[in-house]
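Below, chain A is the first sequence line, B the second, and so on; all start at residue 1.
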Amino acid sequence: MPTVTMTVNGRNVSVDVEPHTLLVQALREKLRLTGTHVGCDTSQCGACVVHVNGRAIKSCTMLAVQAQGADVITIEGLANGSKLHPMQEAFRDNHGLQCGFCTPGMIMSAVDIVKRKGNDLDEHTIREELEGNLCRCTGYHNIVKAIAAGAKAMKSGARA
Amino acid sequence: MSATGIGARVRRVEDQRFITGRGQYTDDIHRPYETRAYFVRSPHAHATIKSIDKRKAEKMPGVLAVLTGEDVAADKLGDLFCGWMVLSKDGSPMKAGSHPALAKGKVRYVGDHVAVVIAETLDQAKNATAEVKVDYGVLPAVADLRKARDPKAAQIHDNAPKNTVYEWVLGDQAAVDAAFAQAKHVTRLEMVNNRLIPNAIEPRAAIGEYEPGTDTYTLWSTSQNPHVLRLGLSAFIGLCPEHKFRVISPDVGGGFGSKIFIYPEETVCIWASKKVGRPVRWTAERSESFQADAHGRDHVTTGELALDANGKMLALRVKTLANLGGYLSTFSSAVPTFLYAPLLSGQYAIPAIVCEVDGVYTNTAPVDAYRGAGRPEACFVIERLVEVAARELNMDPAELRRRNFVTQFPYQTPVASLYDAGDYKASLEKAIQIADYKNFGRRRQESERRGKLRGVGFSAYIEACGVAPSNLVGQLGAGVGLWESAEISVTPTGMVEVLTGSHSHGQSHETTFAQLVSDRLGIPMNHISVVHGDTDKVQFGMGTYGSRSGPVGMSAIVVAVDKVIAKAKKVAAHILEAAEADIEFKDGKFTVVGTDKSAAFGEIALAAYVAHKFPTAEIEPGLKEHAFYDPTNFTFPAGTHICEVEIDPQTGVTEIANWVAVDDFGTVINPMVVEGQVHGGIAQGVGQALLEGCVYDDSGQLVTGSYMDYTMPRADNLPSFKVDYTTTKCPSNPLGMKGCGEAGAIAAPVALINAITNAVGHEDVPMPATSKAVWHALQKTERRKAAE
């Protein structure tokens, strides 16, 4: 059984995995970081989005062994201690979540969108960029608002 | 209004755990020594099971058990059941076919449950299922409901000739026929309400655990109604006595109806946990959700609306064929009957209505309640007919509606519903104003200049929510009462636990219920916690569906809170040394009227527990009250949605240009939350009208079995919505609430189809109105114009 050594949310971890174990399975079942969710089996829903070496990745499309040496951030590692990331705050302020299941993937994708597209995001851009994240509760209306607000808040100080 | 009182946009209490990844959904929970279950599912839509050879699978590494329908039968585990008896028009009971948790002798849809492998790991369970050898005798299948009653169609259940579950009727046929004979105009439409797959983003999951020391069972499940699940598994399926069984529905990632029902997988997990002596966990893969979650809708309907020379509606005649799938799911029988036909009057005074519904079996997944459940189908029928009638009569669709609105309340429809309050004109006019309807013609011209087609569509919807008066639903065939319970438990320090039988799987109860109690008791929201989803904590509850948690669940809370206040007043009278009648409770304080003597809620709570200063023979110590609230009527949320679309005639692609929703939900506790419900409902309705459609081929194979084949609404398919309100209070419950969870999904599909047909100039546009479907409709219009 291969061993994967990586940094997850700032901590060095080593986990024994099967060669076919997906990164999301390693995170959820070996490290019990259950904030990263699984909503499909075809890499469509985006509930499993995490950051690997600074990029948003669907962790169901990546083998755990491919993360050898990588720096992984999950939803549990996004806040700075007890201080929430501005995108997390924006989702709460704008009622950008209902059941909460797609939310971790949405927030991780949203932070990545801001990194790639900047802090002044128009509605069209946000909607296009959310192609890879499904939500069944919100109709996306408040998610779009939350991401626009979170993007602005990320500019005005708090860490990106 | 205080910052957290009724009507305030309070941010959600539950969000902290969800935005930080600390939610606890069923699949996040792990039990010591747990095992994994994986199901062998039927690859055939219809087949006999000649034999199952499990010998090799049983010897595979890590395998603990391979169980089949024979084992279910040997343990005398009862069938899954349908809890609502519907009678045919001849008085005969519906034909409910046998539905064992694991198939015995026969499979009836692709994905049907044939066997389960329980192993140490999921990989081992999966590998072993490949070695379970099932010898099938493949039978002809029927998947299309229009073919289900052909004499040559496959017979799915022996006790249901011609695959007919029931032939049901509501209304006065003779009165309708007489009115049609007098009509100056009849609008007639054939309508297909497309089949949908619910697709909550959290797949269903279950963990069953048997504890031999106490002979007790615990089931963690993604259920919208844990007490109903416990009751069903105990009383009907016969797993174990109810008091030996705990069901926990922790955080649940969306339901939309699909998580109401009692399913084979959770039944098997809890049953098998005793057999293997260890916890058994199962989580659906998405492909399993597509195959085996209960689907929604799937009607074929003929509707006829009779009008007089002035556009007054005279009568409505509806005949519907409803697909119920391969088995009757938990509440399936009621959805196309009692949740459908009573809403066909819409917002209109129609003197005579008759609705016939034939429910049929097909070799497809069971069909049951999906957001709106019967009411979107009813709304589609009446609002399509009204819109097309207006076009045929050359009338403005808004004006035809105005002429026929119910304006006097209460109003008894000819289809059993008793509308209690509403102002349909108010919501229509407000929507018209917000949508700038008067300038639609200008916008249409502007679109045409850019080579685009523009259309506008109305949906003046009504629904029945707040299910439901127990006595009434009992008469209609329900196996349960549909009241709700609440318990208000005050601690000695004045903190309040609200225990509710409602279940939140996105509806924000931890916020809105606390808001209500805070408002009523005058204590801060952070002194209140809301407890739900655990049968060991909440005594009983009927759960969350049918937009009932506000009008029924919160009404129960109000009654229990008022009992707490009444009890606390007795205590306060002794503490403040005054007559009970002189004690007034306001803003969290008990005051002796006309004096400055007062005590805070927390002080009285402490006094109630210390019990030093009142006669305990007259007043029991403690402060905790319970209520069972049974509604006296359904509630009737209503409103108008107006949708405007722009279509590219070259490609048939539809873009939603504007969406206005004006809803009357009665009292609103938290507008932010309510608007979120409306947004989500509209998105699901847009999904139905534009994108989503479950397809089985003629052999019963599921063609749309993944997110690559079944088109879910994505962010770029939708606009931002304009949502507003009008308000008439519901007279039948203490808060005046009507419910808001399903309105969007009910109103939206027909608004969109009305807009698209308006744009393309042709009424024959199916759902989903894909670009291909719209393009074909446009070609028909072109051919018609050429012929003219």
Side-chain angles (χ1 to χ4, degrees), chain A residues 18 20-21 25 28-29 32-45 47 74-79 84-85 87-89 91-105 107 123-124 126-145, chain B residues 9 11-12 14-25 27-30 123 198-203 251-256 283 285-287 289 504-508 672-673 675-684 686 706-708 712-721 723 744:
Chain A
E18 299 283 352
H20 59 267
T21 300
Q25 292 170 324
R28 284 183 56 78
E29 289 167 27
R32 292 290 156 91
L33 290 167
T34 55
T36 302
H37 295 153
V38 179
C40 74
D41 36 32
T42 51
S43 290
Q44 304 276 308
C45 80
T74 72
I75 188 69
E76 289 94 339
L78 192 63
L84 292 178
H85 187 281
M87 193 58 78
Q88 290 171 309
E89 286 283 13
F91 268 68
R92 174 157 60 190
D93 287 346
N94 291 279
H95 190 31
L97 61 148
Q98 291 180 25
C99 81
F101 195 80
C102 76
T103 309
I107 291 175
E123 180 176 341
H124 181 77
I126 296 170
R127 288 184 181 275
E128 294 256 302
E129 290 290 329
L130 284 179
E131 173 69 20
N133 291 78
L134 290 177
C135 169
R136 196 57 153 167
C137 292
T138 64
Y140 305 97
H141 180 110
N142 284 338
I143 290 176
V144 172
K145 274 171 65 183
Chain B
R9 293 177 177 269
R11 293 191 314 172
R12 298 206 316 169
E14 45 272 79
D15 283 354
Q16 179 69 25
R17 66 180 186 275
F18 295 138
I19 58 179
T20 55
R22 261 74 181 188
Q24 278 283 290
Y25 301 88
D27 191 59
D28 301 338
I29 294 164
H30 291 273
D123 284 344
N199 275 306
I201 305 296
E202 180 206 25
D251 287 329
V252 173
F256 315 110
T283 300
E285 296 177 351
R286 180 56 58 182
S287 60
S289 310
S504 187
H505 30 280
Q507 291 88 343
S508 320
M672 177 191 84
V673 165
E675 284 151 27
Q677 292 290 312
V678 173
H679 299 154
I682 296 172
Q684 274 169 303
V686 170
S706 82
Y707 285 145
M708 298 199 286
M712 291 279 282
R714 287 175 159 78
D716 60 355
N717 300 126
L718 296 160
S720 286
F721 311 107
V723 179

Going by an N to O cut-off under 4.0 Å, is there a salt bridge joining R28(A) and D28(B)?
-> yes

Winner by heavy-atom pair count (cut-off under 4.5 Å) against chain A, out of [options]:
{"options": "R17(B), Q24(B), H30(B), E675(B)", "answer": "H30(B)"}
{"options": "N717(B), V686(B), V673(B), T283(B)", "answer": "V673(B)"}
{"options": "S504(B), G680(B), S289(B), P203(B)", "answer": "G680(B)"}
{"options": "Q507(B), E14(B), Q684(B)", "answer": "Q684(B)"}
{"options": "A683(B), G21(B), G506(B)", "answer": "G506(B)"}

Does any heavy atom of chain A fall under 4.5 Å from the side chain of [X], the backbone, both, or neither of them?
{"X": "Q677(B)", "result": "both"}
{"X": "D123(B)", "result": "side chain"}
{"X": "V252(B)", "result": "backbone"}
{"X": "L718(B)", "result": "both"}
{"X": "Q16(B)", "result": "both"}

Ignoring hydrogens and angles, tell me if any N or O in the side chain of [X] forms a donor-acceptor pair with the backbone of [Y] under 3.5 Å.
{"X": "H141(A)", "Y": "F721(B)", "result": "yes"}
{"X": "R92(A)", "Y": "R12(B)", "result": "no"}
{"X": "R127(A)", "Y": "P719(B)", "result": "yes"}

Kindly give the heavy-atom pair with the smallest separation between [X] and [Y], and that separation in Å.
{"X": "R136(A)", "Y": "P198(B)", "answer": "NE-O, 2.8 Å"}
{"X": "I75(A)", "Y": "I19(B)", "answer": "CD1-O, 3.4 Å"}
{"X": "L134(A)", "Y": "M712(B)", "answer": "CD2-CB, 3.8 Å"}

Partner residues of T42(A) under the side-chain contact (heavy atoms from CB on, under 4.5 Å) criterion, sequence neighbours left out | C40(A), Q44(A), S706(B), Y707(B), M708(B)

Any residue meeting side-chain contact (heavy atoms from CB on, under 4.5 Å) with E285(B), in chain and number order, not counting sequence neighbours | D41(A), Y38(B), K126(B), S287(B), E288(B)

Separation between SG of C137(A) and NE2 of H505(B), rounded to the nearest 0.5 Å | 9.0 Å

What's the spacing between H95(A) NE2 and H679(B) NE2 if we round to 0.5 Å?
-> 9.0 Å

For L130(A) and R714(B), run side chain to side chain contact (heavy atoms under 4.5 Å, CB included): C-alpha distance rounded to whole Å, both residues' side-chain angles, the deciding distance at 0.1 Å, then the answer.
-> CA-CA 8 Å; L130(A) 284 179; R714(B) 287 175 159 78; over 6 Å; no

What orientation do F101(A) and Y25(B) show, parallel under 30°, tilted 30 to 60°, or perpendicular over 60°?
-> perpendicular

